[in-house]
Structure formats: C-alpha cells, structure tokens
Q: 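The structure under discussion is supplied below as structure tokens; questions concerning it will follow.
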Amino acid sequence: AQKVTQAQTEISVVEKEDVTLDCVYETRDTTYYLFWYKQPPSGELVFLIRRNSFDEQNEISGRYSWNFQKSTSSFNFTITASQVVDSAVYFCALTPQGSTLGRLYFGRGTQLTVWP
Amino acid sequence: DAGVTQSPTHLIKTRGQHVTLRCSPISGHKSVSWYQQVLGQGPQFIFQYYEKEERGRGNFPDRFSARQFPNYSSELNVNALLLGDSALYLCASSLVGLAGGPGNEQFFGPGTRLTVL
C-alpha cells in the first residue's frame, strides 16, 4: 500500500521567513518517485519537482530546496525567504516504479499562507 | 505552447443527472489521467489512459467512465450523479504512460469544478 502523510494542515509565516513543509511516505516498493506540487487559489496543480528513490541528493532551485531522506521516509520541502506569492496549498505525492504513472498518491496537502 | 486544457470550467448539475468533462493534453503527450479532488483533500486517482487504452483505474464506482480519442484528448463521464460527486476534477497529461525515466512528470489542467445539487 502507498501512503503519503502531510501532518501540517496549515502554516502561516511572515514574508521573508523560511518555512519547511513536511512529507512522510510509506511504500513497500523499492523503487518509487516522489513529487511536490503547488496549488494556488486558481486550482491548477503546478509541478515543482520529481525525485526517484535512488537519488538522495538534496536539490535546490532558487528559493526552493528539497531534503530527501530514505532512512526516515521523508521528502521535506523548504522555501527560503518566503514571499506572498508562495501562498498556496502544497501537495506531496508518490508513485511506485512500474505502476501506471497516473496512479499518483497524494497527501492531504499543507495550506501555506505568507503574510506581508 | 498550450498547457493542459479542460472544459467546462464550472458545472452545476442535479442528483441523478449525467455529466461529461473534457480534457486536451499538452501537444505530444499521449497519457491522460483523471483525478477527483474533494474540498480539503488531496487529489484521488480515477483513471489513466495511454495510447487510447485504459491503463489504470482507481477505487471509483462504475458510474465513472472515460475514454481517450485518437488525438489523445479525453472525456470523463459520470452517470447518476450524487451529492458526493461534487468536487474539482483534474486532468493531467504526460509524455509516457509508465513511471520511470524522463517524461513521466504529470502536468495538470485548471480543473472543472462540478457542483451537484
């Protein structure tokens, strides 16, 4: 069974603060892919990153960084120097290798609000 | 380049009616997936189609059906609507149909907001 847990339902920060969104996953598959998506109020899910289970290197993209730790089954997402435009719901998702790609398993999401 | 498009944007139906939602993938993408997102929840997988064949089905009743056309666009049909079918229906496309390797990122459309009264 596949499961993604995002324990933080809502987070509020003030602009320029750093914020980390937690994601913990469960899977019995040895090869899998992890994703982060952003959902602004408009509703469209915006792809942010894909990480495969063999690549535990952390990744940085501008103000965004991701920390993948296989030992703790976590794939956390940090926004540095947050901005009001970062306000959105963020979803972590998982798909096992070899499954139909469409079967993404999503967490319940974390609502991030960045105040000016 | 155009992203994934969906129509209609919003839809209001009454219980027992039928609804058809449409999706056009990104040009060149052959895989289309459908998700249902109830308010306050993450998206739930409904179907995946690749090369016009159903490749996956989530835990949804037979009232839900879909198909993919030769141009790779797709329709999601829901019969005998229930109040619980009220949700945002998201369509996603990707280059390939299986997890693994480049091209398996899914790109989502803006969704169709369905309200069942």
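Just the heavy atoms: all of them, side chains too, but no hydrogens, waters or symmetry mates, feed the values below. A note on names: the letters A, B, ... follow the listed sequences, proteins ahead of strands, and every chain is numbered from 1.
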Q: Go through the atoms of Gln37(B) and report whether side chain, backbone, both or neither lie under 4.5 Å from a heavy atom of chain A.
A: side chain
Q: Would you say CG of Leu83(B) has more than 12 non-hydrogen atoms from neighbouring residues, nucleotides or ligands within 6.0 angstrom?
A: yes
Q: What part of Tyr37(A) lies closer than 4.5 angstrom to a heavy atom of chain B: side chain, backbone, both or neither?
A: side chain
Q: When you look at CZ of Arg63(A), are more than 12 heavy atoms from neighbouring residues, nucleotides or ligands closer to it than 6.0 Å?
A: yes
Q: Considering residues, nucleotides and ligands other than Lys16(A), do more than 12 of their heavy atoms fall under 6.0 Å from its NZ?
A: no
Q: Where do Gly42(B) and Phe91(A) come nearest, in terms of heavy atoms and distance?
A: CA-CE2, 3.4 Å
Q: Is the number of heavy atoms from other residues, nucleotides or ligands under 6.0 Å of Leu117(B) CG greater than 12?
A: yes
Q: Please check if the number of heavy atoms outside Lys52(B) that lie under 6.0 Å from its NZ is greater than 12.
A: yes
Q: Do any N or O atoms from the side chain of Arg103(A) and from the backbone of Ile46(B) form a donor-acceptor pair under 3.5 angstrom?
A: no
Q: Give the member of Gly111(B), Gly109(B), Gly58(B) that has the highest number of heavy-atom pairs under 4.5 Å with chain A.
A: Gly109(B)
Q: Does atom CD (Gln44(B)) have a neighbourhood of more than 12 heavy atoms from anything else shown, all under 6.0 Å?
A: no
Q: If every non-hydrogen atom of Arg108(A) is compared with every non-hydrogen atom of Gln41(B), which pair is closest and at what distance?
A: NH2-NE2, 3.3 Å
Q: Tell me, yes or no, whether the heavy-atom count around Asp62(B) atom CG, taken from other residues, nucleotides or ligands under 6.0 Å, exceeds 12.
A: no
Q: Taking all atoms of both residues into account, what is the closest heavy-atom pair of Gly43(A) and Leu88(B), and its distance?
A: O-CD2, 4.0 Å
Q: What's the spacing between Gln106(B) CD and Phe35(A) CZ if we round to 0.5 Å?
A: 7.0 Å
Q: To the nearest 0.5 Å, what is the distance between CZ on Phe108(B) and CG on Leu104(A)?
A: 5.5 Å
Q: For Gln6(A), is it the side chain, the backbone, both or neither that has a heavy atom under 4.5 Å from a heavy atom of chain B?
A: neither
